[in-house]
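In what follows, chains carry the letters A, B, and so on, assigned in the order in which the sequence lines appear, proteins first and then strands, with residues in each chain numbered from 1. Side chains included, hydrogens not; waters and symmetry mates left out as well; all remaining heavy atoms used.
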Amino acid sequence: MEKPFLKETSFAMKMSSSHNQETVCVFGTGDFGKSLGNKMFQCGYSVVFGSRNPGLSGLHPKGIEVLSYAEAARRSDLIIVAVHREHYNFLTELAEELNGKTLVDVSNNLKINQYPESNAEYLAELVPGAKIVKAFNTISAWALQSGTLDASRQVFVCGDDKEAKQRVMDIGCTLGLTPMDQGSLKVAKEIENYPLQLFPMWKFPLYLSAALCIFYFVYCMLREVIYPYIHEKKDNTFFLAISIPNRMCPGVALNLLALVYLPGIIAAILQLYRGTKYSRFPNWLDHWMLCRKQLGLVALAFAFLHVMYTLVIPIRHYVRWKWSNSVISQIKTNKTNPFNVTNAWLSDSYLALGILGFFLFVLLGITSLPSVSNTVNWREFRFIQSKLGYLTLILCTAHTLMFGGKRFLSPSILRWYLPSIYVLSLIIPCMVLVLKFILLMPCFNQPLTRIRQGWERNLKGSKKAQLGNGNTGV
Amino acid sequence: MEKPFLKETSFAMKMSSSHNQETVCVFGTGDFGKSLGNKMFQCGYSVVFGSRNPGLSGLHPKGIEVLSYAEAARRSDLIIVAVHREHYNFLTELAEELNGKTLVDVSNNLKINQYPESNAEYLAELVPGAKIVKAFNTISAWALQSGTLDASRQVFVCGDDKEAKQRVMDIGCTLGLTPMDQGSLKVAKEIENYPLQLFPMWKFPLYLSAALCIFYFVYCMLREVIYPYIHEKKDNTFFLAISIPNRMCPGVALNLLALVYLPGIIAAILQLYRGTKYSRFPNWLDHWMLCRKQLGLVALAFAFLHVMYTLVIPIRHYVRWKWSNSVISQIKTNKTNPFNVTNAWLSDSYLALGILGFFLFVLLGITSLPSVSNTVNWREFRFIQSKLGYLTLILCTAHTLMFGGKRFLSPSILRWYLPSIYVLSLIIPCMVLVLKFILLMPCFNQPLTRIRQGWERNLKGSKKAQLGNGNTGV
Amino acid sequence: MEKPFLKETSFAMKMSSSHNQETVCVFGTGDFGKSLGNKMFQCGYSVVFGSRNPGLSGLHPKGIEVLSYAEAARRSDLIIVAVHREHYNFLTELAEELNGKTLVDVSNNLKINQYPESNAEYLAELVPGAKIVKAFNTISAWALQSGTLDASRQVFVCGDDKEAKQRVMDIGCTLGLTPMDQGSLKVAKEIENYPLQLFPMWKFPLYLSAALCIFYFVYCMLREVIYPYIHEKKDNTFFLAISIPNRMCPGVALNLLALVYLPGIIAAILQLYRGTKYSRFPNWLDHWMLCRKQLGLVALAFAFLHVMYTLVIPIRHYVRWKWSNSVISQIKTNKTNPFNVTNAWLSDSYLALGILGFFLFVLLGITSLPSVSNTVNWREFRFIQSKLGYLTLILCTAHTLMFGGKRFLSPSILRWYLPSIYVLSLIIPCMVLVLKFILLMPCFNQPLTRIRQGWERNLKGSKKAQLGNGNTGV
């Protein structure tokens with residue numbers, strides 16, 4: 001009974017295992033073609049190059065042949081087209097040789113959306129008889145040569161022919177890459193744009209924080225540098241280096257952190273209002289929600305800068321001068337400042353709240369590292385990002401309130417009718433915390449929970465039997 | 001007997017190679033069913049929903065049909081049951097349609113161990129003719145909808161039929177998830193409990209550190225707040241914000257760090273005593289050893305807080321008042337404190353040891369990140385976690401000893417017979433270091449090494465030929 | 001033409017789906033053999049042990065048989081040889097039973113390059129009829145037993161028979177490991193050396209930084225401790241704990257950071273000189289370029305220490321004494337130091353530059369975490385590591401220049417003709433920045449860009465049609 005099984009096995013195995021002896025043809029002996037071809041050769045494939053001038057193509061490892069395009073195409077049914085899009089037209093002449101074969105488009109463009117259709121779709125038009133697969137465009141020639149795949153090993157693959165796509169994905173695996181099936185050839189445009197992107201999800205957070213920075217900086221400069229200069233002729237310009245950044249950073253950090261939680265609150269209000277979670281959110285809200293993680297990390301960066309700026313305070317020349325001056329003037333006037341327990345309490349609790357808030361903030365940052373967030377389940381992830389996140393926001397808001405302390409709304413701190421910057425910084429965080437508190441009241445929280453489990457106000461409870469998997473956080 | 005099996009398989013497989021054209025049926029149009037179905041549809045599967053009220057099921061993308069359960073079941077041989085366990089009984093009526101087909105149980109419960117048997121096993125009882133696979137319960141509806149799989153992409157899959165399991169795993173891969181085969185259907189209970197867990201490995205470290213915190217806090221409060229209040233009528237309550245936490249944090253951090261290394265030492269003593277490594281450790285020791293990483297990370301968190309609390313010292317109102325007061329009193333009494341080299345040495349070396357200890361501690365923390373520890377081999381991992389870990393413990397213990405400095409055991413620091421808190425903090429770390437030192441002596445280290453390589457005292461060397469692979473760290 | 005292909009595929013598929021019922025034989029009941037066998041048994045394989053003394057082999061889970069070598073070998077065509085190399089010779093007697101079967105060599109040595117040929121090749125010589133696969137040697141027995149695979153899950157696999165190799169890789173996958181095909185059996189030596197390595201890529205950076213540290217330390221000691229002792233009889237020995245490390249760390253950090261960017265500049269000059277990117281770099285340059293990441297991380301460690309050493313300055317006993325002494329002497333001499341805006345500017349901008357530089361440095365460190373760098377594309381990775389990296393270098397160099405401030409080259413700071421240490425630290429960074437600036441000028445940058453896209457000066461532009469994939473950074 002075992003025998004036939006074994007026999008068949010060996011047969012099956014020969015097949016699946018012999019794929020490495022496969023011959024792969026690479027059109028084009030440019031930098032990328034060469035690197036990819038050599039890498040496949042190293043990984044056990046038999047490689048043939050096709051070139052316009054087979055004689056001129058430089059050095060290749062022993063065992064790799066360089067032939068004319070037509071000859072090379074005849075050798076293999078999988079052809080990697082490592083040629084610029086502008087030179088694709090020579091392929092039309094090879095229509096016969098390429099018929100039924102798999103053509104892998106590995107090209108990139110210089111600009112996003114450079115051409116109306118993607119290179120891979122253009123190739124499909126030129127060679128209608130071939131199966132086109134888009135792949136390998138996210139990998140760099142240098143990475144293939146040096147073996148240091150520090151940036152992403154992901155190879156996005158798309159194509160209309162499943163089988164051809166699978167073969168290309170197998171090659172990717174053998175080269176030590178991580179192929180990801182992205183679907184049909186229509187996705188090729190996206191895949192071609194991918195390597196040209198520069199942090200698309202970070203754009204909104206970075207622009208937003210840049211705008212906030214400029215506003216805060218100018219505002220503080222007015223109050224702390226220009227006002228004293230005009231009214232008291234004091235040269236405070238050196239405040240620009242540390243004092244003003246150290247007012248700007250905490251303000252920006254606190255506001256960005258509040259803006260991480262604002263879209264969730266807006267979404268909750270929308271869902272309550274609409275009575276369903278199945279209507280789409282407006283686009284701006286969708287986008288805002290998708291870049292909350294980035295917003296939070298930018299906020300963490302500003303919080304980190306704030307911490308550093310604060311900790312160097314006692315080393316600053318200006319501060320040391322001011323402190324020793326205050327001691328000297330106490331002695332000269334023979335008036336010793338008495339110790340004030342309230343001030344000690346305010347100063348210590350303001351610092352303690354800041355430390356705890358920063359600690360939780362760092363914790364949130366660490367858990368948003370991909371390798372850490374991959375090890376937690378949904379319940380844990382939501383516990384951290386939602387519960388701990390709100391705790392961080394509360395601590396940081398309290399830290400700012402304490403910083404104000406007694407002088408919080410005393411009119412004496414107005415300059416040109418401008419309040420201190422930390423008063424402005426508190427507006428959004430306090431608003432978010434109040435709204436969240438309101439939403440937590442049972443009259444809002446209960447319907448919201450039901451809506452997020454899939455309940456719809458307009459459907460008459462006919463769907464209680466359906467599964468809402470619990471994990472329905474926003 | 002093999003033949004029909006083969007035939008069906010080959011059939012099934014042909015299908016799976018063109019698997020994306022496969023039709024998948026989803027029972028239940030609730031939140032999770034909808035999300036999963038739509039996601040599969042996007043990934044190229046042909047999807048059919050089964051519903052009690054096919055007409056009432058809300059909007060679906062074009063191309064997705066909603067049919068009655070029976071009709072839908074007839075369309076596909078892979079059915080995803082996205083219905084709450086309480087409503088499973090309708091499936092008994094479909095026994096005929098479901099016979100021989102693959103049923104995927106995706107359900108979760110609300111509480112851990114809510115039912116005596118797992119939902120998947122219950123399903124298997126109800127529909128004995130079907131092949132049951134448990135999967136997808138760790139994924140959230142919202143993650144599927146939004147595409148942001150920040151938390152784990154892992155899909156734990158189990159089932160008794162390998163083939164059915166493989167098909168479900170293939171679907172998981174196509175959806176961009178990471179299926180993990182967990183074995184037979186008996187594991188279903190564990191898989192169902194998984195998404196309900198909240199940091200199970202962190203419980204012991206967190207409870208332990210909470211207990212230590214409370215003890216240290218109360219102890220310090222007695223010595224630093226209540227004692228001065230009773231004896232000198234001094235209001236030191238503001239010490240609660242920073243001074244006392246800054247005595248509590250380093251103590252807790254140091255003790256937790258020592259407790260990371262204590263179980264290894266106990267295990268070594270047990271192994272030496274028993275003369276074998278093959279007897280099981282007591283359960284408490286096993287559990288303790290498995291959460292050493294978490295203990296260490298909690299210790300690092302306290303060390304981080306200690307560093308922050310220490311660095312803000314010169315900014316504190318109280319400290320600034322004290323320092324300037326000391327200068328003023330020096331001038332008033334006309335006695336200038338002379339510079340004391342020994343004190344400078346003590347203060348500087350105490351700080352330097354603390355800095356180096358914290359630096360190594362951070363290094364240990366970084367290397368315990370999953371993506372970092374995945375890039376090192378066993379020898380490197382053990383070098384860091386064992387050698388560097390002990391070095392950290394030594395540095396931190398020395399830092400605490402230095403902090404005591406001259407006044408270490410002077411009776412003048414006793415208050416109500418209570419010694420300073422740092423004296424207590426040193427007990428466990430010193431004990432661990434002494435025991436480790438003893439175990440490193442050749443008379444203990446040599447037999448221990450042999451035991452860890454698989455040698456057993458009671459077996460008479462008959463097994464020298466066997467392989468002990470070197471990597472046998474505890 | 002399509003038909004036969006599909007048929008074979010379907011065949012292949014069938015097999016792989018029933019692979020878990022496979023019987024696997026393990027030779028040797030030592031620590032590692034036991035652990036691996038039990039793990040495979042847990043994962044659904046049928047496991048048979050082969051042992052010299054089947055009766056003496058200790059406890060095994062129910063369902064696992066322990067037989068003699070010959071009997072066990074007859075049960076399976078995949079045999080894991082978990083025996084020390086020194087005892088391999090018994091396998092020659094089993095030549096008949098092992099003929100045509102797959103032997104998996106899992107052994108490790110005690111030293112790198114212990115034997116002239118790898119254990120796997122030695123095994124292949126002993127049993128010429130078997131297919132040898134090297135695997136599993138990077139996994140530890142303890143990890144298999146406890147299930148905590150904190151260190152790498154990677155299983156490096158090599159072998160000359162593709163089919164056998166594939167089967168072993170499938171087993172690795174089933175055990176939850178990550179098999180990596182490394183090629184033919186010739187690689188076995190490398191794979192056997194791998195678990196014995198201790199941070200090979202870190203050696204050069206660590207030795208280099210150790211040498212720099214010693215140089216800086218001795219240099220500073222001469223200037224700051226020995227010189228004052230000889231000339232002024234001052235006991236500055238306590239400077240060894242913090243003051244001198246805090247001059248050494250920033251110097252080492254800055255120089256290492258500059259050395260991260262120097263090899264790229266040397267490579268660019270070489271490429272410009274040779275007119276091609278296809279000539280190999282000298283070995284030292286290659287190695288230097290491959291460990292740039294490690295160099296940068298060591299530099300970050302020193303920068304972190306520098307930050308900590310700097311932030312504790314105001315807590316130091318010596319510094320507090322000095323500050324209060326300066327206040328006291330101001331009062332006694334009745335000369336109050338006037339406030340100097342230039343000094344405030346210098347001190348603040350020096351600190352601000354340092355903070356920003358350190359912030360970017362930390363950002364570079366975070367993006368070099370494997371899980372982070374895996375989520376960015378090449379363009380993003382190069383933006384961070386190249387653009388942000390140079391910005392960090394510029395900020396840190398400016399920070400050091402500002403630190404010098406007014407007294408930068410004043411001869412009064414020479415002691416024994418030795419300039420201050422920060423002057424020396426600036427040499428390499430300034431050189432790197434100047435060279436980079438020169439290379440950015442169009443007359444050098446344009447040909448360099450073309451060369452990196454695959455252009456060669458000596459080939460006459462015949463290859464314009466070829467693809468250079470854009471991603472060609474050094």
Which atoms form the tightest heavy-atom contact between A:A352 and B:A241, and what is the distance? CB-O, 3.5 Å

Pair listing, side-chain hydrogen bond (donor to acceptor under 3.5 Å, both in side chains) test, anchored in residues 318-328 of chain B, at least two apart: none

Closest non-hydrogen atom pair, A:V341 against B:D235: CG1-OD2, 3.6 Å

Say you draw a straight line from CZ of A:F358 to CE of B:M308; how long is it, rounded to the nearest 0.5 Å? 5.5 Å

Rounding to 0.5 Å, atoms CG (B:L240) and CG (A:D348) come to a distance of 10.0 Å

Between A:T310 and chain B, with a heavy-atom cut-off of 4.5 Å, which part of the residue counts as in contact: side chain, backbone, both or neither? both

Heavy-atom distance under 4.5 Å to chain B: side chain of A:F383, backbone, both or neither? side chain

Approximate separation, where rounding is to 0.5 Å, of B:F304 CZ and A:L363 CG: 9.5 Å

B:E190, CD: over 12 other non-hydrogen atoms inside 6.0 angstrom: no

Cut-off 4.5 Å, heavy atoms of chain A, and the answer for B:S35 is neither

To the closest 0.5 Å, what do you measure between CD1 (B:I315) and CD1 (A:I313)? 5.0 Å

Applying a strict 4.5 Å limit to non-hydrogen atoms, the region of B:I328 in contact with chain A is both

Which atoms of A:V319 are under 4.5 Å from chain B, going by heavy atoms: the side chain, the backbone, both sets, or neither? neither

From B:Y194 OH over to A:R379 CZ, what is the distance, rounded to the nearest 0.5 angstrom? 12.5 Å

Proximity breakdown for A:D286 and chain B, heavy-atom pairs closer than 4.5 Å: neither

Which portion of A:Q330 sits near chain B, non-hydrogen atoms under 4.5 angstrom: side chain

Kindly give the heavy-atom pair with the smallest separation between A:N340 and B:H317, and that separation in Å. O-CE1, 4.1 Å

Do you know which of B:L196, B:L369, B:V327 has the most heavy-atom pairs under 4.5 Å to chain A? B:L196

Heavy-atom proximity to chain A below 4.5 Å, by part of B:F90: neither

Heavy-atom contact with chain B under 4.5 Å, split by part of A:L360: neither

Name the member of A:S349, A:A344, A:S347 that forms the most heavy-atom pairs with chain B at distances under 4.5 Å. A:A344

Once rounded to the nearest 0.5 Å, what's the spacing between atom CD1 of A:I355 and atom CG of B:N246? 8.0 Å

